[in-house]
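Letters A, B, ... are given to chains in the order of the sequence lines, protein chains preceding strands, and every chain is numbered from 1. Predicted model only: the values in this text are computed from it and were never measured.
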There are 2 protein chains.
Amino acid sequence: MSIPPSRRDRLREETVAHIQEVARRQLVEHGSAGISLRAIARELGMTAPGLYRYYPSLDELVTALIVDCYAEVTAQMERERDALPPEDLPSRLLAVSRAFRHWSVEHPAEFGLIFGAPVPGFARPPEGPVEEAGARFGQVFRDVFVQLWLHRPFTAPHPDELDPRLPAELLRIPGGSLGPGELYVFVACWVRLYGAVAMEVFGQLKWAVEEGEALFETELRQLSRMLAMADEYRPPR
Amino acid sequence: MSIPPSRRDRLREETVAHIQEVARRQLVEHGSAGISLRAIARELGMTAPGLYRYYPSLDELVTALIVDCYAEVTAQMERERDALPPEDLPSRLLAVSRAFRHWSVEHPAEFGLIFGAPVPGFARPPEGPVEEAGARFGQVFRDVFVQLWLHRPFTAPHPDELDPRLPAELLRIPGGSLGPGELYVFVACWVRLYGAVAMEVFGQLKWAVEEGEALFETELRQLSRMLAMADEYRPPR
DNA sequence: TTTACAAAGTGAACGGCGTTAGCAAAGCAT
DNA sequence: ATGCTTTGCTAACGCCGTTCACTTTGTAAA
């Protein structure tokens with residue numbers, strides 16, 4: 001099945017890695033709109049049309065970058081999670097949440113690319129590798145959440161309290177044995193974390209709080225209370 | 001103080017309105033990156049350099065657009081608020097929240113422009129009219145929230161439960177007589193609403209919920225519970 | 001080892017972009 | 001009628017993504 005990579009294949013992979021690297025730096029320094037094939041080629045000592053041997057368009061390059069970023073934040077969250085004992089699920093939930101925020105705050109351009117407004121011209125199709133990378137990302141928080149509920153269930157709202165359209169939708173989430181009420185709590189928790197991080201990264205929080213971490217930690221503490229793990233909340237470090 | 005507008009001044013204002021109108025349409029149809037001076041000029045029957053008599057750069061035009069959008073969503077929220085009796089504060093809070101979501105869902109491009117990732121090249125300075133428009137926008141939800149607390153206070157977390165850095169920061173918010181705990185609840189509520197709307201508009205919610213309104217209404221209902229107005233929650237329409 | 005083929009990269013060109021500079025016409029006030 | 005300001009134009013510069021035709025280079029088959 002797997003053919004040993006020829007010399008040319010290795011060279012090609014190296015070039016691809018080089019291109020992504022330079023593109024990533026341009027993303028960081030000039031924003032997603034500042035990624036330019038000509039500038040990348042210039043920095044690599046080649047010409048812009050040559051890049052079309054590696055990507056069919058600028059959009060596809062940006063898409064590859066999106067997949068990369070998803071994989072990066074996913075890996076960081078998994079790393080922080082795996083540094084804690086598998087049975088300490090409260091700590092693991094706090095860890096993946098904090099890892100998400102840390103990566104996002106330290107990579108605002110990348111965060112905007114994958115979690116911000118999809119640029120109409122730029123790609124974001126429901127099929128393909130972006131969706132898969134996004135699914136793998138979402139799995140990390142979800143898995144820890146489900147494990148937490150299995151080992152120490154919390155009290156969730158009764159399904160009657162949910163919008164009548166919600167339960168059917170929520171049950172499509174691959175959430176083990178969680179009921180609609182618990183699935184809503186899961187989504188609501190993630191919405192809160194996403195909201196806090198997005199507002200901080202996008203600079204929408206400065207009117208209220210300069211130090212994003214202070215708000216985020218308070219949110220985590222309140223979330224812990226909601227998940228019946230208030231006693232297990234610990235400040236970071 | 002106010003000089004009657006001369007004929008030329010009127011013409012100028014009309015041209016400015018025209019430009020913004022066309023630019024807005026381009027924003028809607030092609031995204032913020034698709035706004036082009038040349039295309040605007042083409043549609044207006046003039047040439048691109050002529051536009052520089054009205055805006056010093058494309059960035060400034062986009063900035064003007066941002067201010068416009070802020071004013072628009074603000075006005076819509078105020079309109080929905082004022083359609084309800086001043087003493088019915090729970091209904092007013094629900095109304096401004098729903099108005100925020102409705103405007104955002106129906107104007108995704110505009111939402112991305114004002115609430116999404118700031119494009120590095122594009123403007124978003126802390127001074128100037130953008131900040132003012134943003135402040136006026138935030139005031140709407142905040143005013144209703146403060147009024148609600150004054151007339152029917154809810155129980156907020158004790159300041160000890162907040163991150164130690166938070167109270168000092170929160171007390172800078174012009175929030176009447178609210179204490180740190182109540183101010184945190186205010187910010188947390190807004191973060192939840194913002195998070196739910198941003199995820200819906202940015203398409204980050206589809207893995208969980210197709211119908212954004214269902215989640216949003218459930219959030220509103222849970223928020224109502226938190227604000228001791230659970231009995232006053234009513235589904236929309 | 002020669003030959004055929006595929007891959008990688010180039011230069012030229014097209015149309016689009018924001019922006020600047022210099023210039024002509026029109027409007028306004030004196 | 002004279003000056004000045006405002007408005008808009010053309011031309012140009014340097015970017016950009018993308019396509020096309022071409023050369024060079026590496027690989028594999030004969």
Side-chain angles (χ1 to χ4, degrees), chain A residues 2-27 29-66 113 119-124, chain B residues 3-20 22-27 29-66 113 119-124:
Chain A
S2 70
I3 297 144
S6 71
R7 199 178 97 85
R8 251 210 309 224
D9 287 349
R10 262 190 302 106
L11 281 179
R12 188 181 172 83
E13 276 174 35
E14 276 178 34
T15 309
V16 167
H18 253 121
I19 295 172
Q20 303 248 32
E21 196 179 312
V22 175
R24 177 73 171 270
R25 186 163 52 245
Q26 290 199 2
L27 166 66
E29 287 174 6
H30 310 111
S32 58
I35 305 175
S36 138
L37 287 182
R38 292 188 119 110
I40 293 170
R42 219 177 295 130
E43 200 163 335
L44 259 64
M46 53 189 292
T47 59
L51 294 175
Y52 281 79
R53 302 287 167 187
Y54 300 91
Y55 302 91
S57 72
L58 173 62
D59 282 24
E60 295 289 329
L61 202 171
V62 173
T63 301
L65 233 47
I66 292 177
L113 192 62
V119 181
F122 275 170
R124 194 82 70 91
Chain B
I3 297 144
S6 70
R7 196 179 98 87
R8 255 211 308 224
D9 287 348
R10 264 188 300 105
L11 282 179
R12 188 181 173 84
E13 276 174 35
E14 276 178 33
T15 309
V16 167
H18 253 120
I19 295 172
Q20 304 246 32
V22 175
R24 177 73 172 269
R25 186 163 54 244
Q26 291 200 1
L27 166 66
E29 287 173 7
H30 310 111
S32 59
I35 306 174
S36 138
L37 287 182
R38 293 188 118 110
I40 293 170
R42 220 177 294 131
E43 200 162 336
L44 259 65
M46 52 187 296
T47 59
L51 294 174
Y52 281 80
R53 301 289 169 189
Y54 300 91
Y55 302 92
S57 71
L58 173 62
D59 282 24
E60 295 289 328
L61 202 171
V62 173
T63 301
L65 233 47
I66 292 177
L113 192 62
V119 181
F122 276 169
R124 195 81 71 93

Chemist: Return the CD1 to CG distance between A/Ile19 and A/Leu65, rounded to the nearest 0.5 Å.
Modeler: 11.5 Å
Chemist: Going 5' to 3' along nucleotides 14-22 of chain D, which nucleotides have protein heavy atoms under 4.0 Å from the base (write B), which only from the sugar-phosphate (write S), and which from neither (write -)?
Modeler: --BBBBB--
Chemist: Which part of the nucleic acid does A/Tyr55 contact within heavy-atom distance under 4.0 Å: base, sugar-phosphate only, or nothing?
Modeler: nothing
Chemist: How close do B/Ala39 and B/Ser36 get, heavy atom to heavy atom, and via which atoms?
Modeler: N-OG, 2.9 Å
Chemist: Can a side chain N or O of B/Tyr54 be found less than 4.0 Å away from OP1 or OP2 on D/dG8?
Modeler: yes
Chemist: Could you tell me the separation between the CD1 atom of B/Ile19 and the C1' atom of D/dG8, rounded to a whole number of Å?
Modeler: 12 Å
Chemist: Whole Å only: how far is the CG atom of A/Leu44 from the P atom of C/dA8?
Modeler: 15 Å
Chemist: Taking all non-hydrogen atoms of both residues into account, name the closest pair between A/Ala23 and A/Leu61 and its distance.
Modeler: CB-CD2, 3.6 Å
Chemist: Is any side-chain heavy atom of B/Tyr54 less than 4.5 Å from a side-chain heavy atom of B/Gln20?
Modeler: no
Chemist: Check whether any side-chain heavy atom of B/Ile35 sits under 4.5 Å from a side-chain heavy atom of B/His30, and report yes or no.
Modeler: no
Chemist: Go through it in stages, so that I can follow the logic: the residues are B/Tyr55 and B/Leu37, the test is side-chain contact (heavy atoms from CB on, under 4.5 Å), and I'd like the CA-CA distance, side-chain angles, deciding distance and then a yes or no.
Modeler: CA-CA 10 Å; B/Tyr55 302 92; B/Leu37 287 182; over 6 Å; no
Chemist: Within this structure, what is the CG-to-P distance between B/Leu51 and C/dA21, rounded to whole angstrom?
Modeler: 18 Å
Chemist: Looking only at heavy atoms, which two atoms of B/Ser32 and B/Leu113 are closest? And how far apart?
Modeler: CB-CD1, 3.8 Å
Chemist: May I ask you to verify if any side-chain N or O of A/Thr47 is less than 4.0 angstrom from the OP1 or OP2 atom of C/dT10?
Modeler: yes
Chemist: Could you state the atom-to-atom distance from CZ of A/Arg10 to C1' of D/dT27 in whole Å?
Modeler: 14 Å
Chemist: To the nearest Å, give me how far apart CD (B/Glu14) and C1' (D/dT7) are.
Modeler: 15 Å
Chemist: How would you list, by chain and number, every residue that makes a side-chain hydrogen bond (donor to acceptor under 3.5 Å, both in side chains) with B/Gln26, sequence neighbours excluded?
Modeler: none
Chemist: What nitrogen or oxygen pairs link the protein and nucleotides 25-28 of chain C at under 3.5 Å?
Modeler:
none

Chemist: Compile the donor-acceptor pairs under 3.5 Å between side chains in residues 40-52 of chain A and protein atoms, sequence neighbours left out, one pair per line.
Modeler:
unit_1  : atom_1 : unit_2  : atom_2 : d
A/Glu43 : OE2    : A/Arg25 : NE     : 3.3
A/Glu43 : OE2    : A/Arg25 : NH2    : 2.4

